[in-house]
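Everything below concerns the one structure shown next.
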Amino acid sequence: MAKGYWVSVYRTISDPERMAAYTKLAGPAVRAAGGRLLSRGGRVVAHDAGIAEFTVLIEFDSFEQAVAARESEAYQEALAALSDGVERDFRIVEGLD
């Protein structure tokens, strides 16, 4: 079964307090849903139209698990705390078998 990944690239963080509140809630929500943090804010080299900003990569055992985690009540609570405190590109992608 192919793994699932969350890829978040933060274009701007306009409200660090909202980001902190989100992080406090999102971490436990992601772990409870089976997610594993692979990268958070490390070095980035962007090419072409890429954005070399704060990036987060989270792995799940399956694509379906990644989608379910995003829809979970706990993660929705984290999103409510984040509100409009950031502008980000968030994607759920399917890995290769």
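Just so it is clear, the model here is predicted, and its values are computed rather than measured.
Val44 and Val56 end up in different hydrophobic clusters when Ile, Leu, Val, Met, Phe, Trp and Tyr side chains are linked at under 4.5 Å. Cluster membership check: Leu37 shares its hydrophobic cluster with Ile92, using side-chain heavy-atom separations under 4.5 Å among Ile, Leu, Val, Met, Phe, Trp and Tyr. Hydrophobic clustering places Val7 together with Leu38 (ILVMFWY residues linked when any side-chain heavy atoms are closer than 4.5 Å, directly or through intermediates). Both Leu82 and Val30 are part of a single hydrophobic cluster, where members link through side-chain heavy atoms under 4.5 Å apart. Hydrophobic clustering (side-chain heavy atoms under 4.5 Å, transitive across Ile, Leu, Val, Met, Phe, Trp, Tyr) keeps Val93 apart from Ile58.
Side-chain heavy-atom separations under 4.5 angstrom define the hydrophobic clusters, and Met1 shares its cluster with no other residue.
Take Arg43 and apply the side-chain hydrogen bond (donor to acceptor under 3.5 Å, both in side chains) test, not counting sequence neighbours, and it matches no residue. Residues passing the side-chain hydrogen bond (donor to acceptor under 3.5 Å, both in side chains) test with Tyr10 are Arg88, sequence neighbours excluded. Every residue was checked against the side-chain hydrogen bond (donor to acceptor under 3.5 Å, both in side chains) condition with Arg70, not counting sequence neighbours, and none meets it. Evaluation of the side-chain contact (heavy atoms from CB on, under 4.5 Å) rule for Glu87 yields Arg11, Thr12 as partners, not counting sequence neighbours.
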Check: Step by step, would you call Arg18 with Asp84 a side-chain contact (heavy atoms from CB on, under 4.5 Å)?
Finding: CA-CA 8 Å; Arg18 285 187 183 268; Asp84 61 353; 3.9 Å; yes

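Looking at every heavy atom in both residues, Ala69 comes nearest to Tyr75 through O-CB, 3.4 Å. The nearest pair of heavy atoms linking Ala74 to Ala29 is CB-CB, 3.6 Å. Here the shortest heavy-atom pairing between Gly95 and Ala2 reads O-CB, 3.2 Å.
Listed for the Asp15 side chain is a donor-acceptor partner under 3.5 Å among the backbone atoms of Glu17. A side-chain donor-acceptor contact under 3.5 Å links Ser14 to the backbone of Gly85.
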Using distance only, find each side-chain donor-acceptor pair of residues 59-67 under 3.5 Å and give its atom names and separation, not counting sequence neighbours.
from  : atom 1 : to    : atom 2 : distance (Å)
Glu59 : OE1    : Arg36 : NE     : 3.4
Glu59 : OE1    : Arg36 : NH2    : 3.2
Glu59 : OE2    : Lys3  : NZ     : 3.4
Glu59 : OE2    : Tyr5  : OH     : 2.9
Asp61 : OD1    : Arg36 : NH1    : 3.3
Asp61 : OD1    : Arg36 : NH2    : 2.9
Ser62 : OG     : Gln65 : N      : 3.0
Gln65 : OE1    : Asp61 : N      : 2.8
Gln65 : NE2    : Ala33 : O      : 3.0

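At a threshold of 4.5 Å between non-hydrogen side-chain atoms, the residues Tyr22 and Val86 do not count as touching.
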